[in-house]
Number of protein chains: 2
Amino acid sequence: MTLQQLRFLREVVRHGFNITEAAKALCTSQPGISKQLRLLEQELGVELFERDHGRIAELSKPGVTILAIAERMLMDANSLKGAARDFSAEMNGNLVVATTHTQARYALPEVLKRFAVRHPRVSVELRQGTTRQVSRLVTSGDADIAIATDASAYFKDLVVIPCHSWDRIVITVPGHPLLKLKRLTLEHLVRYPIIAYDHEFAARQLLVQAFESHHLTPNIVLSALDADVIKACVAMDLGVSVLTRLSFDPRRDRNLRALDASKLFASSVTFIGVRRNSFLRSYMYDFIETFSPQLNRRAIEEAMAR
Amino acid sequence: MTLQQLRFLREVVRHGFNITEAAKALCTSQPGISKQLRLLEQELGVELFERDHGRIAELSKPGVTILAIAERMLMDANSLKGAARDFSAEMNGNLVVATTHTQARYALPEVLKRFAVRHPRVSVELRQGTTRQVSRLVTSGDADIAIATDASAYFKDLVVIPCHSWDRIVITVPGHPLLKLKRLTLEHLVRYPIIAYDHEFAARQLLVQAFESHHLTPNIVLSALDADVIKACVAMDLGVSVLTRLSFDPRRDRNLRALDASKLFASSVTFIGVRRNSFLRSYMYDFIETFSPQLNRRAIEEAMAR
DNA sequence: CACCGTTACGGTATCCGTAAGGATT
DNA sequence: AATCCTTACGGATACCGTAACGGTG
């Protein structure tokens, strides 16, 4: 059994059980992969794939179990190399951050700027997606750090560390009737069409739940995938929306108004998520600390050890 | 980086940083190991060992981190092979159970007998030790299953599953004054010399704590490592002792008397511990179920997933 | 001198790439 | 015909064991 063989196994599965594709991705030959996988099967005494007329169709039952273990091993192999590079004081490397639009658009730019000053030789890659996609990117090893809001339920397999807490606000066009109220309530809010995040986002669930707990049904006229789109639609007076204060900048968003809604909705919490048992290179700790200064290396290590 | 190289690394550390010994243990040549370790260091760009005049003295700082990851990988490699053998329906294999004397002596013989009937081709090995040793045997991968009592605190790194609950009893010689009491209390008990388990055992701590919570100090005249020794000493009237009901068999222990002490001491709980993320072969599930029938495969898998 | 780790060297086995074959859609 | 996996084959490489070397206590 070789790490190489496990790598081949993983790659073939990732490429839809197509050895040819996997070979291309790994810059090697198809026959090589084919042979090594046969050898692995022979050594283990188990068929890893369900073969359909000579073609690989899917993983066999043992294959599923074995792949899961193999993937952990390959992740560890990665961690090991990363640890070595970290100790050899190589300050270059790359960092893949999986996050949602809101964070990428409003919170991260400043963080990335400060981080780039400290680690000019680390190349950072942002991957955007829904809360669920963000979680899976880190779980699968395609990203190092997940950042998302109200995501602890989605981050079940990850170590989650709460970072920031954001009040919620209601945004409207200037001159909207809601702005004239002394005290905003859900009963007022429910009378107006609402623009919300897509179902895929945790924020959407929380919005609906808040209304439902008051036996109200919001009239959601539009679902969108990011705050910028939502704001543009609110500006067109298609409805009002509920966002976090993070997403609203009074200087830039002059065509909109924000109303405090911290009493109506639970404040939302931004989490950082990392794989348990993964070795974080020192610049990854630095990134997390830059994002959330109260999280120093020790605090993160403690959270991971639990 | 090869699994072989990691195996070499682990074995050299296990044999007190002696390549020669490691080579013997692995049935290979010293120069082979030496070379592979040098290659590994070269590839990783890190010195794994602190070398003292050409001799390996200990792990370097990076070595510590890297070894930890390597050991996880090697355990997974083992799991992987085990999983394969399990699926290929080979019913032979071996099972190493790390446990304390009490379990090995009183609870396990019957379990082993029933297990042997179901799995005649599985060779079982019992390893005995203190609670801490038991825990480490499983953590290090030298044993598959840990069984111990009141051990959850020691089993921090393991998945623990509670199995049985045992009332505590006080044992004395026949005709002892304590036997004449209507209602036994700690205040009565503290007047007599007590024979207890060694400090290394959780039972010892719990005994002392129970007294201390009543502001009493027990007069422990003797510490012993197992219940048989304790019972022999009680039979000699060196003192009385507190055991679990498991350790007392009225038919065999005719030279002793037992008093219910379930009101004085918390009942003790027997735990099974396994490594998180380790693949258990089907006969291991069967063993656990034989030991504790309410633990079927699903229950165990759920406990491990948490 | 005994012990330990490294270097040197040669044979074997392994791995990989090219080429060709067989099967399916 | 195109795609895909496997078998066959040859060359380069890596790995391992024996032997010899350099240091240390």
Side-chain angles (χ1 to χ4, degrees), chain A residues 1-60 62-63 66-67 70 73-74 77 80-81, chain B residues 1-60 62-63 66-67 70 73-74 77 80-81:
Chain A
M1 183 175 62
T2 323
L3 284 173
Q4 184 78 313
Q5 290 171 335
L6 304 182
R7 222 166 277 136
F8 288 168
L9 169 62
R10 177 180 67 178
E11 215 62 18
V12 167
V13 175
R14 282 194 179 176
H15 287 83
F17 304 98
N18 185 322
I19 295 188
T20 314
E21 296 277 315
K24 278 182 202 158
L26 292 172
C27 299
T28 183
S29 65
Q30 302 103 337
I33 295 189
S34 178
K35 178 156 200 186
Q36 288 304 317
L37 288 180
R38 293 302 244 198
L39 279 174
L40 180 59
E41 288 184 319
Q42 203 177 315
E43 182 185 342
L44 296 177
V46 162
E47 303 256 316
L48 294 170
F49 299 103
E50 303 275 356
R51 287 180 171 76
D52 188 35
H53 298 289
R55 306 203 171 182
I56 296 175
E58 56 180 340
L59 277 173
S60 68
I66 286 171
L67 175 65
M73 290 179 66
L74 292 170
L80 202 154
K81 283 182 208 156
Chain B
M1 184 173 64
T2 323
L3 284 173
Q4 185 79 312
Q5 292 171 333
L6 303 183
R7 223 167 276 135
F8 288 167
L9 169 62
R10 177 179 67 177
E11 216 61 18
V12 167
V13 175
R14 281 194 179 175
H15 287 82
F17 304 98
N18 184 322
I19 294 187
T20 313
E21 296 277 316
K24 278 182 203 160
L26 293 171
C27 300
T28 183
S29 64
Q30 302 102 339
I33 296 190
S34 178
K35 178 157 198 185
Q36 289 303 318
L37 288 180
R38 293 303 246 196
L39 279 174
L40 180 59
E41 289 184 318
Q42 204 177 314
E43 181 184 343
L44 297 178
V46 162
E47 303 256 315
L48 294 169
F49 299 103
E50 303 274 356
R51 285 179 173 78
D52 187 35
H53 298 288
R55 303 203 172 184
I56 296 175
E58 56 179 341
L59 278 172
S60 67
I66 286 171
L67 175 65
M73 291 178 67
L74 293 170
L80 202 154
K81 283 182 208 157

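Everything quoted here is computed from the prediction, not taken from an experiment. Here is how names work: the chains are called A, B, and so on, in the same order as the sequence lines, proteins then strands, and each is numbered from 1.
Taking the screw axis at each terminus of the helix from C:dC1-D:dG25 to C:dT25-D:dA1 from five consecutive base pairs, the angle between the two is 20° to within rounding of 10 degrees.
The stretch residues 6-24 of chain A touches DNA chain D through A:F17, A:N18, A:I19, A:T20, each having a heavy atom under 4.0 angstrom from the strand. A heavy-atom distance below 4.0 Å to DNA chain C is reached by these residues of residues 44-60 of chain B, ordered by number: B:R51, B:G54, B:R55.
The stretch residues 11-33 of chain A participates, sequence neighbours left out, in these salt bridge (charged side-chain N to carboxylate O under 4.0 Å, His left out) pairs: A:R14-A:D142.
Every residue two or more places apart in sequence or in another chain that forms a side chain to side chain donor-acceptor pair (under 3.5 Å) with A:R51 is listed here: A:E41. Applying the side-chain contact (heavy atoms from CB on, under 4.5 Å) test to B:S34 and every residue at least two apart in sequence or in another chain returns B:I19. Remark: A:R7 pairs with A:Q4 by the side chain to side chain donor-acceptor pair (under 3.5 Å) rule, at least two apart or across chains. Scored by the side chain to side chain donor-acceptor pair (under 3.5 Å) test, B:Q36 finds B:Q5 as partners (sequence neighbours excluded). Every residue was checked against the side chain to side chain donor-acceptor pair (under 3.5 Å) condition with A:Q30, not counting sequence neighbours, and none meets it.
Considering all non-hydrogen atoms of both residues, A:A70 and A:L9 come closest at CB-CD2, 4.5 Å. Here the closest heavy-atom approach between residue B:L67 and residue B:L59 is recorded as CD2-CD1, 3.6 Å. Pairing each heavy atom of A:S29 with each of A:A23, the nearest pair is C-CB, 3.8 Å. When all heavy atoms of A:T20 and A:N18 are compared, the closest pair comes out as N-OD1, 2.9 Å.
Reading DNA chain C from its 5' end, the first and the last nucleotide to sit under 4.0 Å from a heavy atom of chain B are C:dC3 to C:dT7. Nucleotides of DNA chain D that come within less than 4.0 Å of any heavy atom of chain A span, from the 5' end to the 3' end, D:dT3 to D:dT7.
Distance CG/A:L3 to CE/A:M1: 8.0 Å, rounded to 0.5 Å. Within the model, atoms CD1 of B:I56 and CG of B:L37 stand 6.5 Å from one another, a figure rounded to the nearest 0.5 Å.
Counting heavy atoms from C-beta outward, B:E58 and B:F17 have side chains that approach closer than 4.5 Å. For the pair B:L40/B:F8, no side-chain contact is recorded, criterion being any heavy-atom separation below 4.5 Å from C-beta on.
With B:S60 contributing its side chain and B:E47 its backbone, the two residues share a donor-acceptor pair below 3.5 Å.
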